Amino acid sequence: MSGRFEGKQVIIIGASGGLGGAFARAFAKEGAALILAARSPSSLTALAQEIGGKLAPADLTDSRSLEMLHQQAGRVDVVVNATGFSPRKSLAAHTDEEISRTLHTNLMGAILITRTFAPSMSQSGGGVIVHLGGYADGRLALPFFSVDAASRAGIMTFSEAINREYRGTGVRVLYFSPSPAETETERPYHPVWRKLGQPVVSAEKVAAALLDSVSHKRQIHIMGGALPRVFSRLNAIFPRLAEMVMINRYKRILESYFGDGAVDTVGDKG
Ligand SMILES: NC(=O)c1ccc[n+]([C@@H]2O[C@H](COP(=O)([O-])OP(=O)(O)OC[C@H]3O[C@@H](n4cnc5c(N)ncnc54)[C@H](OP(=O)(O)O)[C@@H]3O)[C@@H](O)[C@H]2O)c1
């Protein structure tokens, strides 16, 4: 059986992560030739033995490291940026290191990856670059996610601008917001998502949705059904109404877990 990505070269940056590993397995099943990248590629040996693929070191906050990955890969059809960092706490509780790491990993990383790969994809007739968002489209501005939300909204707007800049070249940036998923990093927050009424899905389900979006060359995909999409749009047009209908209720729940006087507990507050 031939897969949708037969003969395509796909790089997964952050293949060591919960979602990155699921993306790699899903692309492998569909016939892609994989380059599995992480800051420590030795962490990917078992995955490469299971599904095949070459290993490469990559730090997405370092443009020289990304350029070396690009040189090693040669022609690339799809780059999936499966990295990220997502603290959930009051702004006052964020350390300088957390703010810097969130903005550098999420926003600057997405910009550097795109700058590294989009020009050569354009010269070779096209390709897809995927960046991951957070809950909803990144512009819903949930309290206690302030720095993370700033980085995701930045990625969303950056992706829109790049798609306009590269229109007609065959290059697409996909902004993909996964549903809360069953990964190690997200597991401590599952009770919070359930209390907010958001289902937690398997990493395989997220991967299936991502591959569908890549193969259809979509530019934006918000998982989680109609609710996060509708509220993102409502928030953009009538923010006070969005607060009355939903965000104020979310705020009470989020404050109980992530506020400075939190009464509920999660295993790790990021
Ligand atoms: N899981 C969910 O429910 C969910 C839902 C919505 C959005 N997301 C977002 O999706 C992304 C992945 O989530 P996940 O649950 O798979 O997280 P994860 O398991 O913690 O994976 C994150 C990956 O990012 C890599 N990474 C971090 N900094 C890096 C850097 N400077 N250079 C290269 N790689 C770097 C890590 O690799 P090394 O540390 O090994 O280098 C790790 O493999 C995150 O942005 C997360 O916020 C997740």
Side-chain angles (χ1 to χ4, degrees), residues 11-26 35-48 55-69 79-88 97-98 100-113 116 130-138 140 142 145 147-156 159 174-194 196 198-207 209-210 220-224 228 232 266-268 270:
I11 301 181
I12 313 283
I13 302 176
S16 51
L19 292 182
F23 298 155
R25 288 186 178 89
I35 297 182
L36 306 171
R39 282 178 292 190
S40 307
S42 57
S43 65
L44 298 168
T45 309
L47 181 64
L55 302 186
D59 181 340
L60 82 161
T61 61
D62 177 354
S63 56
R64 284 164 306 179
S65 163
L66 290 172
E67 195 44 53
M68 281 165 67
L69 176 64
V79 177
V80 181
N81 168 12
T83 69
F85 181 61
S86 175
R88 296 143 221 218
E97 196 275 335
E98 285 168 332
S100 172
R101 185 174 162 199
T102 307
L103 296 178
H104 278 83
T105 307
N106 299 356
L107 181 54
M108 197 167 110
I111 293 170
L112 292 181
I113 287 172
T116 303
V130 185
H131 300 303
L132 299 186
Y135 180 69
D137 76 355
L140 191 53
L142 291 181
F145 279 73
V147 181
D148 184 42
S151 71
R152 308 291 176 171
I155 302 172
M156 167 77 194
S159 301
L174 166 63
Y175 178 82
F176 182 88
S177 284
S179 285
E182 285 160 5
T183 68
E184 280 304 314
T185 303
E186 198 60 28
R187 186 155 298 132
Y189 304 108
H190 288 174
V192 187
W193 290 117
R194 293 204 175 94
L196 294 170
Q198 281 299 305
V200 174
V201 304
S202 68
E204 290 70 31
K205 187 166 180 181
V206 176
L210 181 126
I220 174 163
H221 185 152
I222 312 297
M223 287 185 75
S232 289
V266 289
D268 173 2

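Fair warning: this is a prediction, and the values are worked out from it, not measured in the lab. Numbering of ligands and ligand atoms starts at 1, following listing order.
The parts of Arg39 lying near ligand 1 are both backbone and side chain, judged by heavy-atom distances below 4.0 Å. Contacts between Leu60 and ligand 1 below 4.0 angstrom, taking non-hydrogen atoms only, involve backbone and side chain alike. The proximity of Leu19 to ligand 1, defined as any non-hydrogen pair under 4.0 Å, involves the side chain as well as the backbone. In Ser177, neither the side chain nor the backbone holds a heavy atom less than 4.0 Å from any atom of ligand 1. Counting heavy atoms under 4.0 Å from ligand 1, residue Arg152 touches it through the side chain alone. Of the heavy atoms in Asp59, both backbone and side-chain atoms come closer than 4.0 Å to ligand 1. At a heavy-atom distance under 4.0 Å, only backbone atoms of Ala82 (N, CA, C or O) approach ligand 1. Using a 4.0 Å cut-off between heavy atoms, Ala15 makes no contact with ligand 1 at all.
For Met108, the CE atom sits in a packed shell: over 12 heavy atoms of surrounding residues, nucleotides or ligands are nearer than 6.0 Å.
The side-chain contact (heavy atoms from CB on, under 4.5 Å) test with Ile12 is passed by exactly one of Val80, Leu44, Val79, Leu19: Val80.
Protein heavy atom closest to atom 20 (O) of ligand 1, with residue, atom name and distance, is Thr185 OG1, 2.6 Å. Remark: minimum distance from atom 5 (C) of ligand 1 to any protein heavy atom is reached at Ser179 O, 3.6 Å. In terms of protein heavy-atom proximity, atom 19 (O) of ligand 1 is closest to Gly18 N, 2.9 Å. The nearest heavy-atom contact from the protein to atom 10 (O) of ligand 1 is Leu132 CD1, 3.3 Å. Atom 45 (O) of ligand 1 has its closest protein heavy atom at Thr83 O, 2.8 Å. Closest to atom 9 (C) of ligand 1 among all protein heavy atoms lies Gly133 O, 4.0 Å.
Side-chain contact of Ser65 with Asp59: a donor-acceptor pair under 3.5 Å is absent, judged by distance alone. Residues Asp148 and Thr102 have side chains that never bring a donor and an acceptor to within less than 3.5 angstrom of each other. For the residue pair Arg88/Ser86, the side-chain donor-acceptor check at 3.5 Å is satisfied.
With ligand atoms numbered from 1 in the order given, ligand 1 contributes 28 (N) to contacts under 4.0 Å with heavy atoms of Thr105. Of all atoms in ligand 1, listed by their number and element, those nearer than 4.0 Å to a heavy atom of Ala58 are 32 (N), 33 (C). For ligand 1, the atoms sitting less than 4.0 Å from at least one non-hydrogen atom of Pro180 are 3 (O), numbered in the order shown with element in parentheses. The ligand atoms of ligand 1 that sit less than 4.0 angstrom from a heavy atom of Gly14 are 43 (O).
Aromatic ring centres of Phe176 and His221 lie closer together than 6.0 Å.
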